Amino acid sequence: MFPFLAKYVADSDSFWTSIHPEYWSKHNVCEWLQFCCDQYKLDANCISFSHFNINGLQLCNMTQEEFLDAAGICGEYLYFILQNIRTHGISFFTDVEETKPTNKDCDLLTKLPPDSGVPSSLLTLFCSSVPARDKACERAGGINGQECHSHGRTNLQSSHLWEFVRDLLLSPEENGGILEWEDRGQGIFRVVKSEALAKMWGQRKKNDRMTYEKLSRALRYYYKTGILERVDRRLVYKFGKNAHGWQENKI
DNA sequence: AGCCCTTTTCCTGATT
DNA sequence: CAATCAGGAAAAGGGC
């Protein structure tokens with residue numbers, strides 16, 4: 001595996017980079033989007049997550065116009081990047097890496113269309129994208145998205161607990177029954193295996209002392225910021241107005 | 001160095 | 001009784 005891609009597949013079962021886009025799961029699509037936002041410094045605020053809550057086949061069937069609708073100017077880049085991956089596969093990445101490893105961001109941009117003009121000031125992690133003016137959300141999601149690229153960690157594997165939980169919910173094939181939707185439409189979910197969840201979160205944070213007791217304390221802090229809403233049932237939580245990226249495909 | 005933010009750790013007490 | 005929930009308080013850790 002290519003070193004600079006390692007963080008994207010490090011502890012994941014699905015190696016999206018080695019799967020043809022046509023066969024990507026929804027989760028893979030999300031990973032790809034995060035990769036794009038990270039590597040190409042796309043402003044995720046332009047991207048409508050709900051439009052990309054689809055699998056790879058649906059993604060590949062999207063026209064350039066649909067990409068524009070779903071992500072504005074970013075849609076152009078995303079479309080271009082996707083077509084490159086479909087055509088050149090992993091070599092699209094490796095070429096880039098080998099060309100100028102010390103300045104990959106700038107170099108990657110050279111592979112975008114000449115008139116791209118990718119905004120470099122707004123770096124936002126796709127799955128943390130938030131309404132630009134939503135301050136609470138901003139805090140929770142990290143609107144400047146620095147975590148996207150500056151420290152080889154946690155892009156595809158979300159850095160925040162609620163994103164970790166969300167992504168686990170979005171990939172049922174990977175969460176081993178740890179989390180379950182209680183009411184998908186309303187964003188209500190249940191922690192089925194609390195100890196396993198804590199252990200998994202602990203692995204993510206490289207902290208083998210993590211417990212559900214402590215994890216749940218962190219989750220309760222989300223009530224204040226509107227990431228989660230209180231549900232009056234044991235082990236049941238609900239995404240709040242400031243959580244995003246968990247909704248059903250709205251296309 | 002210092003601030004901000006999220007998460008961790010610990011704790012007391014209530015609830016299921 | 002064991003597990004969970006509720007938050008307060010303080011500290012850790014990372015980013016800027």
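Because the structure is predicted, anything quoted here is derived from the model rather than measured.
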Residues passing the ring pair (Phe, Tyr, Trp, His ring centres under 6.0 Å) test with A:Phe67, sequence neighbours excluded, are A:Phe52, A:Tyr79
Grab the CG-C1' distance between A:Leu219 and C:dC5 for me, whole Å please. 12 Å
A:Phe164 CZ - B:dT6 P separation (whole Å): 19 Å
For A:Tyr212 and C:dA3, give me the distance from atom OH to atom P, rounded to whole Å. 13 Å
Is the shortest side-chain heavy-atom distance between A:Val192 and A:Leu179 below 4.5 Å? no
Members of residues 188-195 of chain A that approach DNA chain C, where some heavy atom sits under 4.0 Å away: A:Ser194
Any chance NZ of A:Lys214 has more than 12 other-residue heavy atoms, nucleotides or ligands included, within less than 6.0 Å? yes
Are A:Ile54 and A:Met62 packed together at the side-chain level, in the sense that at least one heavy-atom pair is separated by less than 4.5 angstrom? yes
Can a donor-acceptor pair be found between the side chains of A:Asn28 and A:Glu31 at a distance below 3.5 Å? yes
With A:Glu180, which residues qualify under side chain to side chain donor-acceptor pair (under 3.5 Å), at least two apart? A:Arg190
Reading 5' to 3' through nucleotides 7-16 of chain B, protein heavy-atom contacts under 4.0 Å coded B for base, S for sugar-phosphate only, - for none: BBBB----BB
Rounded to the nearest angstrom, tell me the gap between atom CG in A:Asn242 and atom P in B:dT6. 11 Å
Residues two or more places apart in sequence or in another chain: which of them pass side chain to side chain donor-acceptor pair (under 3.5 Å) with A:Tyr221? A:Arg217
Backbone N or O of A:Leu168 within a donor-acceptor pair of the A:Asn175 side chain at under 3.5 Å? yes
Exam field: side chain A:Lys193 to backbone A:Gly176, donor-acceptor pair closer than 3.5 Å: yes
Angle between the end axes of the helix from B:dG2-C:dC16 to B:dT16-C:dA2, five pairs per end, to the nearest 10 degrees? 30°
More than 12 heavy atoms of other residues, nucleotides or ligands under 6.0 Å from CD of A:Glu22: yes or no? yes
Would you say that more than 12 heavy atoms from the other residues, nucleotides or ligands in this model lie under 6.0 Å from the OH of A:Tyr223, or not? yes
Tell me: CG of A:Leu228 to C1' of C:dA6, nearest whole Å? 15 Å
